[in-house]
*Asks:* 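Here's a structure for you.
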Amino acid sequence: MTIPLLTLSHQQPFWKFRTHRVIANTTESTRNLCKSTLYLFLALATPFIAYRCFNSFTMFWSSSSSSSQPATKIDAESLRRQRINSSKLYQPDASSKVPVIYSSYYDISFLGIEKLHPFDSSKWGRICRFLMSESYLEKKSIVDPLEASREDLLVVHTEAYLNSLNNSVNVARITEVPPVAMLPNWLVQMKVLYPFRRQVGGTVLAAKLAMDRGWAINVGGGFHHCSGGRGGGFCAYADISLCIHFAFVRLNISRVMIIDLDAHQGNGHEMDFGNDERVYILDMYNPGIYPFDMTARNYINQKVEVVTGTATVDYLDQLDKALALLVTNAR
């Protein structure tokens, strides 16, 4: 639509000319504002739309291909092994790097709403920047992990749980940040869940590097409140459980020990491995704070309950005794 030029004639009163000019200017300003808003929306939404379209096409192609093949019944454990063996999470080459895993995508920041939770969602980047500033680490020597795909996540998680993350309200419950519920889910996927999935990839890769190099650190991850079917406590994916299942299949590991020293009880991995004799769990936590999961506590092989106000010296003394006992118990 073009706006006609306004000209002043002898038959046209001056006040009408001024009125038309104001209307024309206002209309043009409104159009420019709308165009700017549209361009901003497209700039934000295009990557996600392209990503969803690609995934939809891939799912359609996969379903079309599989429908042409004879249907075969496969048990859950075989399917899990198949997913693990076809995963790319072990692919990043770290032969010339320090086995410290981090990506700038780990940090979660969006309009400041992340500050509504006491958990520092940008601490991972600050840790690495500190190490680099003190010359303990070089940026080029850090290992950059891959994002855990849906097939990777299905090694541990149920379809129903992963589908529930398409609801922003559920993600808000898990992250304990209420405003997240009001955000469109494509934005939640991009700004919240994608960083989590990169950290999951880092945890899985850390096990392989530890086997290859003798040690490894994933600066992020450790989402110990999430189990295969439920998230919570700012933990959306069960990276610890995923890492262990990968190690069983790809690294030929027969037994695993979890030493959880977070102040909160690690109820997620405890629920996942409660009846698995291959996994020994030592959890040193404060029983008087979240998550109060009494069922999961029954699955802890060695619990060390530390009350609020425990001095550092006392804490370390209890930890030393627990580790000494662990060596005996886990044999």
Side-chain angles (χ1 to χ4, degrees), residues 99-101 117-121 123-124 127 156 174-176 196 199-200 202-204 206-207 210-211 214-248 251 253-331:
V100 174
I101 305 167
H117 193 280
F119 188 88
D120 183 357
S121 61
K123 66 180 180 181
W124 306 291
I127 290 170
V156 169
I174 292 170
T175 59
E176 300 172 344
F196 283 152
Q199 295 188 45
V200 171
T203 300
V204 173
M211 286 290 292
W215 67 278
I217 297 173
N218 180 26
V219 177
F223 304 128
H224 65 165
H225 294 307
C226 186
S227 63
R230 181 178 176 81
F234 210 78
C235 301
Y237 299 111
D239 64 321
I240 298 173
S241 301
L242 198 69
C243 171
I244 292 173
H245 280 292
F246 267 70
F248 284 149
L251 303 179
I253 290 176
S254 59
R255 297 189 70 192
V256 171
M257 182 184 299
I258 299 175
I259 301 176
D260 193 335
L261 302 182
D262 190 283
H264 302 93
Q265 175 198 347
N267 58 321
H269 58 73
E270 289 160 5
M271 293 299 295
D272 281 342
F273 296 109
N275 297 312
D276 194 328
E277 295 183 354
R278 299 172 298 174
V279 180
Y280 186 94
I281 301 174
L282 185 160
D283 197 347
M284 191 169 180
Y285 63 95
N286 185 339
I289 59 176
Y290 178 90
F292 305 106
D293 193 332
M294 303 304 172
T295 301
R297 288 184 190 180
N298 294 326
Y299 299 132
I300 302 174
N301 300 99
Q302 187 178 339
K303 66 177 70 173
V304 183
E305 297 186 340
V306 185
V307 298
T308 302
T310 299
T312 302
V313 174
D314 294 335
Y315 178 91
L316 294 176
D317 181 58
Q318 291 188 55
L319 176 58
D320 286 339
K321 292 177 180 177
L323 291 175
L325 182 61
L326 178 147
V327 173
T328 301
N329 291 347
R331 284 177 180 172

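Model, not experiment: these values are computed from the prediction.
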*Asks:* Within a strict 4.5 Å, meaning less than it, do heavy atoms of the Val100 and Trp215 side chains meet?
*Replies:* yes

*Asks:* Are the side chain of Asp283 and the backbone of Gly266 linked by a donor-acceptor contact shorter than 3.5 Å?
*Replies:* yes

*Asks:* With distance as the sole test, does Asp239 use its side chain to make a donor-acceptor pair with the main-chain N or O of Gly222 at under 3.5 Å?
*Replies:* yes

*Asks:* Could you give the distance from CG (Leu261) to OH (Tyr285), rounded to the nearest 0.5 Å?
*Replies:* 13.5 Å

*Asks:* Ignoring hydrogens and geometry, is there a side-chain-to-backbone donor-acceptor pair from Asn329 to Gln302 under 3.5 Å?
*Replies:* no

*Asks:* Do Val256 and Phe248 have side-chain heavy atoms sitting under 4.5 Å apart?
*Replies:* yes

*Asks:* Determine, for Tyr280 and Arg255, whether the Lys NZ or Arg CZ falls below 6.0 Å from the six-membered ring centre while staying within 45 degrees of the axis.
*Replies:* no

*Asks:* Counting the benzene-type ring for Trp, do Phe196 and Phe234 have ring centres under 6.0 Å apart?
*Replies:* yes

*Asks:* Starting at CG of Asp272, measure out to CG of Leu242 and round the result to the nearest 0.5 Å.
*Replies:* 10.0 Å

*Asks:* Can you name the one residue among Gln265, Met284, Arg297 that meets side chain to side chain contact (heavy atoms under 4.5 Å, CB included) with Glu305?
*Replies:* Arg297

*Asks:* For the CZ atom of Phe246 and the OG1 atom of Thr203, what is their distance to the nearest 0.5 Å?
*Replies:* 11.5 Å

*Asks:* Do Leu323 and Leu325 come within less than 4.5 Å of each other through their side chains, counting heavy atoms only?
*Replies:* no

*Asks:* Side-chain contact test, heavy atoms from C-beta onward, threshold under 4.5 Å: evaluate it for Thr295 versus Asn267 and give yes or no.
*Replies:* no

*Asks:* Return yes when atom CZ of Arg230 has more than 12 non-hydrogen atoms of other residues, nucleotides or ligands closer than 6.0 Å, and no otherwise.
*Replies:* no

*Asks:* Could you tell me whether a side-chain N or O of Asn286 sits under 3.5 Å from a main-chain N or O of Val307, the two making a donor and an acceptor?
*Replies:* no

*Asks:* Quick one, Val279 and Asn301 - any side-chain contact, counting heavy atoms below 4.5 Å?
*Replies:* no

*Asks:* From Ile281 CD1 over to Leu326 CG, what is the distance, rounded to the nearest 0.5 angstrom?
*Replies:* 11.5 Å

*Asks:* From His269 NE2 over to Ser227 OG, what is the distance, rounded to the nearest 0.5 angstrom?
*Replies:* 11.0 Å

